[in-house]
Student: 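Structure incoming, see below.
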Amino acid sequence: MTKNTFVNRLSARAEITQEQSRIVVDAIEDHNLFAKDEKDLIVSDIAQQLGCGEKQAQRYFCEASRIIRSEIKDHAVMWIAGTTVVVIAGIVVMRMRKNKDKEK
């Protein structure tokens with residue numbers, strides 16, 4: 001997902017402008033999203049930059065987190081599906097070779 005796609009999705013889901021969405025995304029990029037102790041810093045940063053309350057900033061942060069988790073899950077599913085196809089293809093090839101060897 002590109003940054004612009006992320007900004008657009010967040011803007012639509014959180015019902016904020018593209019500019020506000022970009023500020024939220026930039027705040028997330030400036031911190032480690034996956035560190036628990038960074039969450040409060042990100043929310044505070046969003047609240048300060050947008051001039052909104054902590055509760056509203058928390059909502060924007062949660063929406064952004066949902067988008068990121070969804071993207072990670074989608075990629076994990078695609079990776080698993082791709083791996084499954086490769087494994088099945090390998091099994092089919094091995095069985096075909098085995099049957100071919102039996103015919104000789």
Side-chain angles (χ1 to χ4, degrees):
M1 169 174 54
T2 66
K3 184 173 181 176
N4 286 334
T5 302
F6 187 20
V7 167
N8 292 337
R9 285 185 189 172
L10 180 59
S11 177
R13 290 180 76 173
E15 298 175 349
I16 56 177
T17 67
Q18 297 274 331
E19 184 179 318
Q20 291 171 316
S21 181
R22 188 166 299 280
I23 289 170
V24 172
V25 171
D26 287 342
I28 290 170
E29 285 181 338
D30 290 343
H31 298 279
N32 181 357
L33 178 65
F34 300 106
K36 288 185 179 186
D37 59 339
E38 292 277 319
K39 179 182 173 185
D40 292 335
L41 293 173
I42 296 169
V43 171
S44 294
D45 196 15
I46 292 169
Q48 181 183 15
Q49 290 188 43
L50 291 180
C52 65
E54 294 283 324
K55 191 172 185 176
Q56 194 66 30
Q58 177 71 29
R59 183 176 159 263
Y60 299 150
F61 175 80
C62 287
E63 284 298 332
S65 295
R66 284 185 192 114
I67 292 168
I68 293 168
R69 281 193 307 270
S70 171
E71 191 72 17
I72 290 169
K73 286 178 185 176
D74 289 348
H75 282 286
V77 168
M78 288 189 311
W79 181 83
I80 290 168
T83 302
T84 302
V85 168
V86 170
V87 168
I88 291 171
I91 291 169
V92 168
V93 168
M94 287 174 49
R95 287 187 178 173
M96 289 173 64
R97 285 184 179 172
K98 186 176 181 182
N99 288 339
K100 191 174 183 181
D101 288 343
K102 284 182 180 179
E103 291 176 2
K104 288 182 180 183

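We number each residue from 1, following the sequence as shown.
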Student: Between S11 and S21, what is the shortest heavy-atom contact and its length?
Tutor: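 Minimum heavy-atom separation between S11 and S21: N-OG, 3.4 Å.
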Student: When rounded to the nearest 0.5 angstrom, what distance separates SG in C62 from NZ in K39?
Tutor: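 Rounded to the nearest 0.5 Å, the SG-NZ separation comes to 5.5 Å.
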Student: Please evaluate residues E19 and L50 with respect to the criterion side-chain contact (heavy atoms from CB on, under 4.5 Å), reporting the C-alpha separation (whole Å), side-chain torsions for both, the decisive distance (0.1 Å), and the verdict.
Tutor: CA-CA 10 Å; E19 184 179 318; L50 291 180; over 6 Å; no
Student: Can you list every salt bridge (charged side-chain N to carboxylate O under 4.0 Å, His left out) pair that touches residues 43-60, not counting sequence neighbours?
Tutor: none
Student: Out of curiosity, I23 CD1 to I16 CD1, how far, rounded to the nearest 0.5 Å?
Tutor: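 One gets 8.5 Å once the value is rounded to the nearest 0.5 Å.
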Student: Of all the heavy-atom pairs spanning C52 and Y60, show the shortest one and how long it is.
Tutor: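 In this case the closest contact between C52 and Y60 is SG-CE1, 4.3 Å.
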Student: Report the C-alpha separation of R22 and K3 in whole Å, then their side-chain angles, then the decisive distance to 0.1 Å, and conclude whether the side-chain contact (heavy atoms from CB on, under 4.5 Å) test is met.
Tutor: CA-CA 9 Å; R22 188 166 299 280; K3 184 173 181 176; 4.0 Å; yes
Student: Please name the residue in the list I46, V7, I42 that meets the side-chain contact (heavy atoms from CB on, under 4.5 Å) test with V24.
Tutor: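 Of the listed residues I46, V7, I42, the side-chain contact (heavy atoms from CB on, under 4.5 Å) partner of V24 is I46.
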Student: Checking side-chain contact (heavy atoms from CB on, under 4.5 Å) for the pair S70/R66: CA distance, chi angles, key distance, verdict?
Tutor: CA-CA 6 Å; S70 171; R66 284 185 192 114; over 6 Å; no
Student: Can you confirm whether E15 is buried at CD, in the sense that more than 12 heavy atoms of other residues, nucleotides or ligands lie under 6.0 Å from that atom?
Tutor: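 No, because the 6.0 Å sphere around CD of E15 holds 12 heavy atoms or fewer from other groups.
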Student: Do the side chain of Q20 and the main chain of T17 share a donor and acceptor less than 3.5 angstrom apart?
Tutor: yes
Student: Would you say CD of Q48 has more than 12 non-hydrogen atoms from neighbouring residues, nucleotides or ligands within 6.0 angstrom?
Tutor: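 Not buried by this count: 12 neighbours or fewer within 6.0 Å.
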Student: Treating S44 as the side-chain partner and D40 as the backbone partner, does any N or O pair qualify as donor plus acceptor under 3.5 Å?
Tutor: yes
